[in-house]
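We're numbering straight along the sequence, starting at 1.
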Amino acid sequence: APPFLVATYGACAMLRPIGYLAALLVVTGCTSLDYNAVPVGRFEGSALVVWVGPGDEDTSGDGKFLYVPRTGDELEFFRDASAEASTGNEVIRPGPFYTNGGSIPRFVQNIRGFNAWAFGPAYIIHDWLFVVRKCANDGDPNALNQPNVRMDFRETGLIMAETIKTVSAQYDLAPETGQAGSIIAPVTLGPISRALWEQTGACPAQQVAPEHLAIVDEINGVGFDAIIVAPDDGPSTLETLAAPKPSYVIVGTIDFAER
């Protein structure tokens, strides 16, 4: 494996050698974040993702996926008491939304720890923050009611670091994989991420399509009430029907129940 670049507070230092990792930082930007000082939190629940498209419109990540929160087993990230959490953001609970995993440029995804799902639950949490922000920027009332809107941009980088360190700890990832987080987290505070955080007009693309919301309902066993009209003007009855069964593929579930 190639040497790792070590992200230090106030600088990105020790490029040995200038290569793919250096290129990653040049492309995305590098900012101050003391990765080693960020506390480890706790994940609970499970992360279930469904493939819904190739994601050809994006040159980063790894396709288009739908995160499905399962009722009673939703993915939750509990931040440590020492974390710099804004009001209401001590616990992060994503709703259903589209994700591409980690927005890692594809030309570096062959390096250990840099594939789009190396820290899957961490990327789901981070993507959710940006989905809410983009819709809040457009005045969406549902987004404006989320506690995430009280979060500033810097806090998203802290959460990226916290969640990566937590996944690494709870799943006892190999050190070579875990070290990638010390590069990835600071990069998420670069100018490209900030531009996405401040983007307007992007909310419509974040809305989950009805056919994909049907997937969420099916996985959670949600039915719906329907009035069944009997023939020959007989009495009508109210029955609970199963939600329609769309075609989909569950590509992965990460469960923290025993971690």
Side-chain angles (χ1 to χ4, degrees), residues 31 33 38 41-50 52-53 55 57-58 60-61 64-71 73-79 83-104 116-117 119-164 166-167 184-185 187-210 212-213 215-217 220 254:
T31 59
L33 189 154
V38 170
R42 184 179 81 258
F43 274 108
E44 291 188 5
S46 64
L48 185 150
V49 292
V50 174
V52 294
E57 68 280 0
D58 194 353
S60 63
K64 186 175 183 178
F65 299 85
L66 174 69
Y67 163 69
V68 179
R70 293 190 290 183
T71 304
D73 194 36
E74 299 93 340
L75 180 68
E76 297 178 295
F77 180 62
F78 293 80
R79 303 177 70 185
E84 300 178 38
S86 53
T87 303
N89 290 304
E90 297 84 3
V91 181
I92 311 294
R93 300 182 183 91
F97 75 102
Y98 297 122
T99 176
N100 64 351
S103 298
I104 309 293
W117 291 101
F119 306 103
Y123 295 145
I124 289 172
I125 295 292
H126 189 258
D127 280 359
W128 169 248
L129 303 179
F130 276 74
V131 166
V132 172
R133 171 55 61 176
K134 288 177 182 178
C135 284
N137 291 345
D138 289 347
D140 180 82
N142 292 325
L144 290 171
N145 285 329
Q146 293 283 339
N148 308 33
V149 298
R150 294 189 286 273
M151 184 181 298
D152 63 18
F153 176 64
R154 178 177 176 274
E155 190 172 354
T156 68
L158 295 174
I159 291 174
M160 183 83 271
E162 292 169 31
T163 52
I164 288 178
T166 302
V167 169
I184 294 168
V187 164
T188 65
L189 285 178
I192 293 177
S193 294
R194 179 174 285 279
L196 292 172
W197 183 253
E198 298 172 351
Q199 186 176 14
T200 57
C203 188
Q206 313 302 317
Q207 302 296 322
V208 179
H212 295 151
L213 288 175
I215 294 174
V216 177
D217 286 343
N220 284 294
I254 301 172

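In plain terms, the two heavy atoms of Pro69 and Asn220 that are nearest each other are O-ND2, 3.1 Å. In this structure, Gly101 and Thr99 approach most closely via the heavy-atom pair N-OG1, 3.1 Å. Leu75 and Ala47 get closest at one heavy-atom pair: CD2-CB, 4.1 Å. When all heavy atoms are compared, the tightest approach of Pro147 to Gly88 is CB-O, 3.5 Å. Closest approach of Ala185 to Gly157, counting heavy atoms only: CB-O, 4.4 Å. Closest non-hydrogen pair, Gln207 versus Tyr98, comes out as O-CE1, 3.4 Å.
When side chains are defined from C-beta on, Lys64 does not count as touching Asn100, because their heavy atoms never get closer than 4.5 Å. Between Lys134 and Cys203, every side-chain heavy-atom pair lies at or beyond the 4.5 Å cut-off. At a threshold of 4.5 Å between non-hydrogen side-chain atoms, the residues Pro94 and Asp127 do not count as touching. Side-chain contact check for Leu129 versus Ile92: some heavy-atom pair is nearer than 4.5 Å. Using a 4.5 Å cut-off on side-chain heavy atoms (C-beta onward), Phe77 and Thr166 make contact. By the 4.5 Å heavy-atom criterion applied to side chains, Met160 and Phe119 are not counted as neighbours. Put simply, the side chain of Val52 does not reach to within 4.5 Å of the side chain of Phe65, judged on heavy atoms. Side-chain contact between Leu66 and Phe97 is absent, with no heavy atoms from C-beta onward closer than 4.5 Å.
Ion pairing between a basic and an acidic side chain is recognised when a charged N comes within 4.0 Å of a carboxylate O; Glu76 and Arg93 show such pairing.
In this structure, the separation between CZ on Arg133 and CG on Asp152 is 9.0 Å, given to the nearest 0.5 Å. Within the model, atoms OG1 of Thr156 and CG of Asn89 stand 11.0 Å from one another, a figure rounded to the nearest 0.5 Å. Atoms CG and OG, from Leu158 and Ser86 in turn, are 10.0 Å apart once rounded to the nearest 0.5 Å. Interatomic distance, Asp73 CG to Leu48 CG, rounded to the nearest 0.5 Å: 9.5 Å. Distance check: Leu144 CG to Asp140 CG gives 7.0 Å after rounding to the nearest 0.5 Å. Atom CZ in Phe78 sits 11.0 Å away from atom CZ in Phe43 (nearest 0.5 Å).
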Checking side chain to side chain contact (heavy atoms under 4.5 Å, CB included) for the pair Ile159/Ile125: CA distance, chi angles, key distance, verdict? CA-CA 8 Å; Ile159 291 174; Ile125 295 292; 3.9 Å; yes
Test side chain to side chain contact (heavy atoms under 4.5 Å, CB included) on Leu33 and Val38; report intermediate values, then the result. CA-CA 9 Å; Leu33 189 154; Val38 170; 4.2 Å; yes
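No hydrogens or angles considered: nothing links the side chains of Asn137 and Thr200 as a donor-acceptor pair under 3.5 Å. Under the 3.5 Å distance criterion, with hydrogens and angles disregarded, a donor-acceptor pair is assigned to the side chains of Arg70 and Ser46.
For residues 190-204, the pairs satisfying salt bridge (Lys or Arg N to Asp or Glu O under 4.0 Å) are Arg194-Glu198, with sequence neighbours left out.
Each of Glu90, Glu162, Glu84 was evaluated against Arg79; a single residue qualifies, Glu162, per the salt bridge (Lys or Arg N to Asp or Glu O under 4.0 Å) test.
Under the 6.0 Å cut-off for aromatic ring centres, Phe130 and Trp197 qualify, their centroids lying closer than that.
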